[in-house]
Amino acid sequence: MASCDITVRGAGIFGLSIAWAAVQCGARVQVMDPNGPASGSSGGIVGALAPHVPENWNAKKAFQFESLLMAQDFWTGVEAASGASSGYARHGRLQPIADDHALDLAHQRAGTAQELWQDHARWKVIPATDAPWEPHSPSGYLIYDTLSALVHPRRACDALVQALAANSVRIAAEAEDSGQTIWATGVTGLQDLSAQHSRNMGGGVKGQAALLQYDASGQPQLFADGLHIIPHCDRTVAIGSTSEREYTSPSDTDAQLDEVIARAKAALPALKDAPVIARWAGVRPRARSRAPMLGAWPGKAGHFIANGGFKIGFGMAPKVAEVMVDLLLDGRDNIPDGFRVEDNL
């Protein structure tokens, strides 16, 4: 492409989503990634789009809430343009309640959810029924929220790639920058920023996850014993993940994943005999502030950063894309406090 309005460096979920939002606004876009689409943590297997608890509301929680509400239209548009499934579904989430104290807290959160989420979603306390697709709950009650959704990460990224291709945007390994440049380069980008500014701007946290052969498609996702249990549309169940600050190999799985699998099967006996069909490990970008890092690259005119979607990248992507495209194409700065690049300096 001879001339572009926007160059996106990085073809993970942030980069692809920003490119797609820009194309929809009529911008000329090019995307580059030397490793190809979803080659980093965006090529994982879990795909939980789960909200923060509805209390102590802040900019990060509000931003994520808005993004989760945008997800249905966002992925419907991607699927229509690409003809491919993203695996998106909003079937809610079940969580076991451990004891009377947790039960009281769950009831309180039901009230705050009604205030904060209004009519868009519900956070309910429901009796456990011992159905096969229910985690064991010591209190006899479960939390059911209707806001949680899921995507199949690899299918979602592939659908974005195909939607872009249908609009004459393909992923190149390398090219010259043209127009304004967005750096959505994940862990490598955070390391480069840290080196440039001589301070820790963030880094990578390794995660390990597994894919089981079990058909629970159409069921709610589960969150039990600190694990996401995600029933994908392709008759598999993803479970994960670990969070490892220290590691020797970024892509190898080990006994920590064996423990995750064992915990998931203990939390949900229906998975007891489900075979493990894939094991995955990757390193996810975590900005120093823990929130996504968005905005202009300090001291580098015409360059911008979208990075740091640790654990919540797919859930944040629709809103991140909207905010970044508003900034680049219209000069509208709607980046929340705590999300700016300067907040990590």
Side-chain angles (χ1 to χ4, degrees), residues 12-13 36-50 75 79 84-96 128-138 142-144 148-159 205-244 247-284 311 313-315:
I13 184 58
S39 57
S41 59
S42 294
I45 58 178
V46 179
L49 310 184
W75 290 111
E79 291 175 350
S85 171
S86 66
Y88 175 84
R90 182 175 161 184
H91 298 306
R93 176 179 58 172
L94 292 172
Q95 302 177 67
T129 65
D130 294 324
W133 191 256
E134 271 187 14
H136 172 66
S137 179
L142 301 163
I143 297 164
Y144 174 58
S148 293
L150 58 90
V151 293
H152 192 295
R154 295 173 185 174
R155 290 190 178 198
C157 287
D158 183 63
V205 179
K206 180 178 177 180
Q208 299 186 48
L211 201 63
L212 280 58
Q213 190 70 64
Y214 186 89
D215 185 3
S217 54
Q219 295 289 338
Q221 61 184 275
L222 311 179
F223 186 71
D225 194 14
L227 299 175
H228 295 283
I229 303 174
I230 308 299
H232 285 306
C233 60
D234 61 356
R235 301 179 182 179
T236 63
V237 170
I239 55 173
S241 61
T242 63
S243 290
E244 305 166 41
Y247 52 88
T248 55
S249 170
S251 58
D252 288 343
T253 60
D254 54 33
Q256 294 181 78
L257 182 54
D258 295 332
E259 180 187 355
V260 165
I261 295 168
R263 284 164 52 201
K265 292 189 173 186
L268 187 67
L271 297 177
K272 178 182 178 183
D273 298 320
V276 177
I277 57 175
R279 297 164 66 95
W280 177 88
V283 181
R284 300 157 296 180
K311 289 188 176 182
F314 279 85

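Quick note: residue numbers are just sequence positions, from 1.
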If only atom types and distance count, is the side chain of [X] paired as donor or acceptor with the main-chain N or O of [Y] below 3.5 Å?
{"X": "Ser42", "Y": "Ile13", "result": "yes"}
{"X": "Arg279", "Y": "Asp252", "result": "no"}
{"X": "Gln221", "Y": "His91", "result": "no"}
{"X": "Arg154", "Y": "Gly43", "result": "yes"}
{"X": "Glu79", "Y": "Ala159", "result": "no"}
{"X": "Arg93", "Y": "Tyr144", "result": "no"}
{"X": "Glu134", "Y": "Thr129", "result": "yes"}
{"X": "Arg263", "Y": "Asp225", "result": "yes"}
{"X": "Thr242", "Y": "Glu244", "result": "no"}
{"X": "Lys265", "Y": "Ala274", "result": "yes"}

### Summary
side-chain hydrogen bond (donor to acceptor under 3.5 Å, both in side chains) filter on Ser217, not counting sequence neighbours, yields Asp215

Of the non-hydrogen atoms in [X] and [Y], which two are nearest, and what is the gap between them?
{"X": "Thr253", "Y": "Ala281", "answer": "CG2-CB, 3.9 Å"}
{"X": "Pro96", "Y": "Leu142", "answer": "CA-CD2, 3.7 Å"}
{"X": "Ala209", "Y": "Gly240", "answer": "CB-CA, 4.2 Å"}
{"X": "Val283", "Y": "Pro250", "answer": "CG2-CB, 3.5 Å"}
{"X": "Leu222", "Y": "Pro135", "answer": "CD2-CD, 3.9 Å"}
{"X": "Gly207", "Y": "Trp280", "answer": "O-CZ3, 3.6 Å"}

### Message
Would you compute the distance between atom CD1 of Ile261 and atom CD of Gln256 and round it to the nearest 0.5 angstrom?
### Response
12.5 Å

### Task
Please round to the nearest 0.5 Å and tell me the distance separating atom NZ of Lys206 and atom OG of Ser41.
13.5 Å

In the structure I gave you, are the side-chain heavy atoms of [X] and [Y] within less than 4.5 Å of one another anywhere?
{"X": "Tyr214", "Y": "Trp133", "answer": "yes"}
{"X": "Val205", "Y": "Tyr247", "answer": "no"}
{"X": "Pro37", "Y": "Cys157", "answer": "no"}
{"X": "Leu49", "Y": "Tyr88", "answer": "yes"}

Got a list of side-chain donor-acceptor pairs under 3.5 Å for residues 228-239, not counting sequence neighbours?
| unit_1 | atom_1 | unit_2 | atom_2 | d |
| --- | --- | --- | --- | --- |
| His232 | NE2 | Ile45 | O | 2.9 |
| His232 | NE2 | Val46 | O | 3.1 |
| Asp234 | OD1 | Thr236 | N | 3.3 |
| Asp234 | OD1 | Thr236 | OG1 | 2.5 |
| Asp234 | OD2 | His152 | NE2 | 3.4 |

